[in-house]
There are 2 protein chains.
Amino acid sequence: MGRWEPDARERLQRAALALFTEQGFASTTVPQITARAGLTTRTFFRYFADKREVLFADEERLPALVRTLMATAPASAEPIEVIAYGLDALVTEVFEGRADYLRVRRRIIESDGGLQERELRKLASLSGEIREGFLQRGVDELTATLAADLAVSTFRAAVGRWLGDDDGRELAEHVHQALQLLGAIVCVPRRA
Amino acid sequence: MGRWEPDARERLQRAALALFTEQGFASTTVPQITARAGLTTRTFFRYFADKREVLFADEERLPALVRTLMATAPASAEPIEVIAYGLDALVTEVFEGRADYLRVRRRIIESDGGLQERELRKLASLSGEIREGFLQRGVDELTATLAADLAVSTFRAAVGRWLGDDDGRELAEHVHQALQLLGAIVCVPRRA
């Protein structure tokens, strides 16, 4: 009881995801999760504030990572280059190799209005973080706001395709394709 | 009591906004709103499902308007032209001349986490609506997703500047500036 379990966090996550999938997010309780994982609720609450956080805890490190990425991009980089640099790093450091987990997670989130709201809030605060990073780089406010939203939208669309398609293409490829398409959409000579 | 009041809706909105501002959104009750407006709670619930909807009811017509705009944009228009066309129409038909109201509304929404979530959900569903419109126009899925998010981000940033700045510039000008800046961000020749 309460002793250190080397893989407790992963076991709890695996048990929670299995139960959310089998019987729904709303119907799953923390005691059910810990019973399935063979651990105590006390151990659960050492890692997660509540059952919802099992789905969002991994993302807690994103804001700090984004701050680092924004600060370490070359000083001369244009905003769109900072975005490309940052998204490449996110792919490698956070997302690559986790498609199966993320696919299960996405299905659970789509099944619950409250989880969807939490996801939207997470994306909004990530955009705020990126905006702040651009401001720190000396970019004007409106550009910072637009570029931050662009980064989040592009990445989100790419991840959506990556998890939706089963054609074996890597996330990095989807990100590059989304960035290219962004150019194709925006960089069209406008007629009057 | 319950008889037809020609300006009941506007009176209720004005009373609600005044009370939300004076004493906070959370502390304001429907009976307080109706007392201030000199109307019955029965009349209130004829117009609004709850006090929160006072802040969001005007936006209920946005999805239908967006659908119409997406369908009436010239068939040959590129996605970025559809966006420019749609945002111009939104400015004229929904936003122009309402800066004072929208400024008060924004302050109230910023004061309450639940209202912020409702606003995020509204924006997400608006983006979904625009995406659907692009798909109907025969645009591919990834382009539709990206263009829809672009439209929402650009408009949101422009409205933010319009409400934040007191330099008397019209919203249409802010929208054009945001669209131009978008081009400046995205259409940069990328170095390796």
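Chain letters run A, B, ... following the sequence lines, proteins first, then strands; residues in each count from 1. Values below: every heavy atom of this structure, side chains too, minus hydrogens, waters and symmetry copies.
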Contact leader toward chain A among [options], where contacts are heavy-atom pairs under 4.5 Å:
| options | answer |
| --- | --- |
| B:Thr145, B:Ile83, B:Leu146 | B:Leu146 |
| B:Glu117, B:His174, B:Arg118 | B:Glu117 |
| B:Ser127, B:Pro79, B:Ala124, B:Ala157 | B:Ala157 |

* Lys/Arg N to Asp/Glu carboxylate O, A:Arg131 vs A:Glu141, below 4.0 Å -> yes
* With hydrophobic residues grouped by side-chain heavy-atom distances under 4.5 Å, do A:Val152 and A:Leu135 end up in a single group? ->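 As far as the 4.5 Å side-chain criterion goes, A:Leu135 and A:Val152 are not connected within one cluster.
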* Co-membership, hydrophobic cluster, residues B:Leu55 and B:Leu102, 4.5 Å side-chain ->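 Yes, B:Leu55 connects to B:Leu102 through the hydrophobic network.
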* Test of ring centre spacing under 6.0 Å for A:Phe95 and A:Phe155 ->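 Yes, the ring centres sit under 6.0 Å apart.
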* Measure from NZ or CZ of B:Arg105 to the centre of the six-membered ring of B:Phe56, then state whether that distance is under 6.0 Å and the direction lies within 45° of the axis. => yes
* Structure fact -> Applying a strict 4.5 Å limit to non-hydrogen atoms, the region of A:Leu150 in contact with chain B is side chain
* Asked: Side chain, backbone, both or neither: which part of B:Ile185 has a non-hydrogen atom closer than 4.5 Å to chain A?
  -> both
* Between B:Arg121 and chain A, which part of the residue has a heavy atom less than 4.5 Å away: side chain, backbone, both or neither? ->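 Contact with chain A: backbone and side chain both.
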* To do: Specify which of A:Gly183, A:Ser153, A:Gly113, A:Gly160 makes the most heavy-atom pairs with chain B at under 4.5 Å.
  =>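 Of the options given, most contacts go to A:Ser153.
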* **B:Gln177 and B:Arg169: side chain donor to acceptor below 3.5 Å** => yes
